[in-house]
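Quick note: numbers below take in every heavy atom, side chains included, and nothing from hydrogens, waters or symmetry partners.
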Amino acid sequence: MSAKAMTAAQVARKVIDNEPLFILDVRNGDAFADWKIEGGNIQYLNIPYFDLLDGVEEVIDQLPKDRDILVVCAKEGSSIMVADMLAEEGVETAYLTGGMKAWSEHLEPVKVGDLKDGGELYQFVRLGKGCLSYMAISSGEAAVIDATRMTDVFLNFAQEKDATIKHVFDSHLHADHISGGRYIAEATGAVYYLPPADAKGVTFDYTALESGFEASIGNSKVEALYTPGHTIGSTSFIVDDQYLMTGDILFIDSIGRPDLAGLAEDWVGDLRESLYERYQALANELTVLPAHFMIMDELNEDGSVAKKLGDLFKENHGLNIMDEQEFRDMVTKNLPPQPNAYEDIRKTNMGQITPEDEMQREMEIGPNRCAVR
C-alpha cells in the first residue's frame, strides 16, 4: 500500500460538500493554531513532523477508521513521508499535493446567480485565505472584480465561457493579498480601474474609479458606489440592480477594519457613514457579495458567500451598534492581528516592489484578517 495524492481542488469539494475528513497536520503547533484547513465536518490531529521521525505506531490508534485521512504540511514533502510511513503500517491515507501553499492558492468557482438576458455571475472562493473574487459574464463580455494573483484561473475561466474580459476592477488597494487585476488587464487589453483615493504612490497606469461610474458588460451593467472606511478609496459595486459587491467594507458576519493604512481614527467615521447611511439607502433585496469571509459558517450550502442586505441589517452585529462611541471602540481597539506582510503587500499592489513568485506566496500565507466583529 502506498499513500495517495489529494489535490487542493479535491479537498475544497469535500469542504463545500461537508464530507467527513480527518486531517493529520504535521506542521509545528504554532503554525497549526494560526491557520489550518477548516470545514464543518473536519476532525484534526496536530503532531509535528519531527515527533514522528522515529515511527508512527503511536499515532495509529488516534486515527479514525470511518473517514478519509489526509496528511498536511507546509509544502508537501513532510506529509508525503508521514503518509508513506502510515501506508507501510497498513493505514490507508493521502497527502495534500503542494501542502498548505497549494491550499492557500486554490480558487473554487461557484455560480451565484443569473444576470439579464442569460448572463451569469461567478464567485471565486479562496477557501484557504478567505478571499472572494468575481466574474460577471454577459453576451460574450466579462468583468473581473477583486482578482487574486492567480491570474490564469480567471483567464482560463473566461476562455472556457467564450467571454472576452473587458473591465477589471479593484474595490480598493488590498493589504492582505496581492491583486492580479492589472495583470489580467495587461493580458487581455481590458481597462483596469482603481479608486483614485487609494492610488497615491502607484507606479502604473490605471483608470480612476469614480462613484456613479457605470460599465457595460453585454446586456448588463456594473455601477460604482463610493463607500470609504476600510480604505479611503473603498468602492462597492452594484451589478444589474441585483447584487451588491461590498469589497472589504461589509462581510456576512462582520465588518471591515479601518486600520491597515495606519489611519483607523481618521477613517472610522467614513466606515460608519458607509455602513449606516450609504448602505441603508439601498434596496434590502440586493444580494451582498463581499470580498472576503471570516469564518466557514459564512458559506452557504453551495459554497457561495452571499446574503440579502436586509438580512444583514437584522443579523450583522456591526450594522446594529447605535452608540457611535461603542462603534468607534469596536473598530479601533482590540483589533485582531494585522495580515502577514501587509505593508509589503500594499507596496506590491502599488507597483513599488515586485517580489519573486515564491516570496509572494510567503507574503500571503495565513488567514483572512480584514474583518472586525
Side-chain angles (χ1 to χ4, degrees), residues 111-116 119-123 132-136 138 143-146 167 169-172 193-198 208-217 219-258 267-294 298 300 304-324 327 330-331 370-373:
K111 183 179 176 181
V112 294
D114 293 318
L115 302 179
K116 294 177 180 177
E120 299 174 317
L121 180 60
Y122 289 88
Q123 184 180 65
L132 301 168
S133 306
Y134 298 90
M135 185 181 294
S138 177
V144 178
I145 296 102
D146 287 331
H167 305 279
F169 302 95
D170 267 324
S171 61
H172 62 288
Y193 302 86
L194 184 67
D198 279 359
L209 183 61
E210 305 285 359
S211 191
F213 169 82
E214 289 188 9
S216 295
I217 309 130
N219 298 313
S220 297
K221 66 175 182 177
V222 178
E223 181 182 355
L225 174 66
Y226 183 49
T227 49
H230 176 65
T231 67
I232 195 59
S234 289
T235 299
S236 301
F237 303 96
I238 299 174
V239 180
D240 257 2
D241 299 320
Q242 300 179 72
Y243 303 99
L244 174 63
M245 297 178 183
T246 55
D248 284 351
I249 287 288
L250 174 63
F251 308 115
I252 302 303
D253 192 55
S254 54
I255 60 175
R257 62 192 296 171
W267 292 355
V268 64
D270 293 311
L271 178 62
R272 185 173 178 85
E273 183 178 355
S274 291
L275 294 174
Y276 285 69
E277 296 181 26
R278 291 182 174 92
Y279 284 160
Q280 288 281 357
L282 301 177
N284 285 342
E285 288 304 306
L286 286 171
T287 298
V288 171
L289 299 169
H292 284 91
F293 64 94
M294 187 176 181
E298 293 175 72
N300 298 317
S304 67
V305 180
K307 204 160 191 176
K308 296 294 185 183
L309 181 59
D311 292 334
L312 296 189
F313 285 142
K314 298 174 184 176
E315 301 168 7
N316 189 312
H317 172 68
L319 294 176
N320 289 279
I321 303 174
M322 295 303 105
D323 184 85
E324 291 192 23
F327 180 88
M330 184 187 79
V331 299
C370 285
V372 291
R373 187 180 188 278

[X] versus [Y], closest heavy-atom pair with distance:
X      : Y      : result
Pro196 : Glu210 : CG-OE2, 3.7 Å
Pro195 : Gly233 : CB-O, 3.1 Å
Ile217 : Ala136 : CG2-O, 4.0 Å
Ser216 : His167 : O-NE2, 3.3 Å
Pro258 : Gly229 : CB-O, 3.2 Å

Is the backbone N or O of [Y] less than 3.5 Å from a side-chain atom of [X], with the two atoms forming a donor-acceptor pair by type?
X      : Y      : answer
Ser133 : Asp146 : yes
Asn316 : Ile255 : no
His230 : Arg257 : yes
Ser211 : Tyr226 : yes
Asp240 : Lys116 : yes

Between [X] and [Y], is any pair of side-chain heavy atoms under 4.5 Å apart?
X      : Y      : value
Asn284 : Lys308 : no
Val239 : Leu289 : no
Thr227 : Thr246 : no
Tyr243 : Leu115 : yes
Pro290 : Ile252 : yes

Review point. Could you go step by step and tell me if Leu209 and Leu194 meet the side chain to side chain contact (heavy atoms under 4.5 Å, CB included) rule?
Key: CA-CA 5 Å; Leu209 183 61; Leu194 184 67; 5.8 Å; no

My understanding is that only residues two or more places apart in sequence, or in another chain, count here; which of them pass side chain to side chain donor-acceptor pair (under 3.5 Å) with [X]?
X      : value
Ser234 : Thr231
Asn300 : Ser304
Lys111 : Asp114, Glu120

**Study point:** Partner set under ring-ring contact (aromatic ring centres under 6.0 Å, His included) for Tyr279, not counting sequence neighbours
**Key:**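 Here no residue qualifies.
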
Exercise for review: Go through the structure and list residues passing ring-ring contact (aromatic ring centres under 6.0 Å, His included) with Tyr122, not counting sequence neighbours.
Suggested key: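 Tyr122 satisfies ring-ring contact (aromatic ring centres under 6.0 Å, His included) with Phe157 once adjacent residues are dropped.
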
If I take atom [atom1] from residue [X] and atom [atom2] from residue [Y], how far apart are they, to the nearest 0.5 angstrom?
X      : Y      : atom1 : atom2 : result
Gln123 : Leu132 : CD    : CG    : 4.5 Å
Tyr134 : Met245 : OH    : CE    : 6.5 Å
Met294 : Asp253 : CE    : CG    : 7.5 Å
Arg278 : Leu225 : CZ    : CG    : 7.5 Å
His172 : Ser236 : NE2   : OG    : 10.5 Å
Met330 : Ser254 : CE    : OG    : 9.0 Å

Exercise for review: Please name the residue in the list Leu275, Ile249, Ile232 that meets the side chain to side chain contact (heavy atoms under 4.5 Å, CB included) test with Asp270.
Suggested key: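 The option that passes is Ile232.
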
Review point. Taking the six-membered ring for Trp, is the centroid-to-centroid distance between Phe213 and Tyr193 below 6.0 Å?
Key: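 Yes, the ring of Phe213 comes within the 6.0 Å limit of the ring of Tyr193, centre to centre.
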
Point to revise | Check against ring-ring contact (aromatic ring centres under 6.0 Å, His included), Tyr276 and Phe327 | key: CA-CA 11 Å; Tyr276 285 69; Phe327 180 88; 5.6 Å; yes

**Study point:** Working for side chain to side chain contact (heavy atoms under 4.5 Å, CB included), residues Gln242 and Thr287
**Key:** CA-CA 6 Å; Gln242 300 179 72; Thr287 298; over 6 Å; no

**Study point:** All pairs passing salt bridge (Lys or Arg N to Asp or Glu O under 4.0 Å) where residues 310-323 contributes a residue, at least two apart
**Key:**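 Matches after skipping sequence neighbours: Lys307-Glu315.
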
**Study point:** Audit row: Leu250, Leu309, side chain to side chain contact (heavy atoms under 4.5 Å, CB included) steps and yes/no
**Key:** CA-CA 10 Å; Leu250 174 63; Leu309 181 59; 4.1 Å; yes

Exercise for review: Please work out whether the ring planes of Phe237 and Phe169 are parallel, tilted or perpendicular, with thresholds of 30° and 60°.
Suggested key: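 Plane angle between 30° and 60°, so tilted.
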
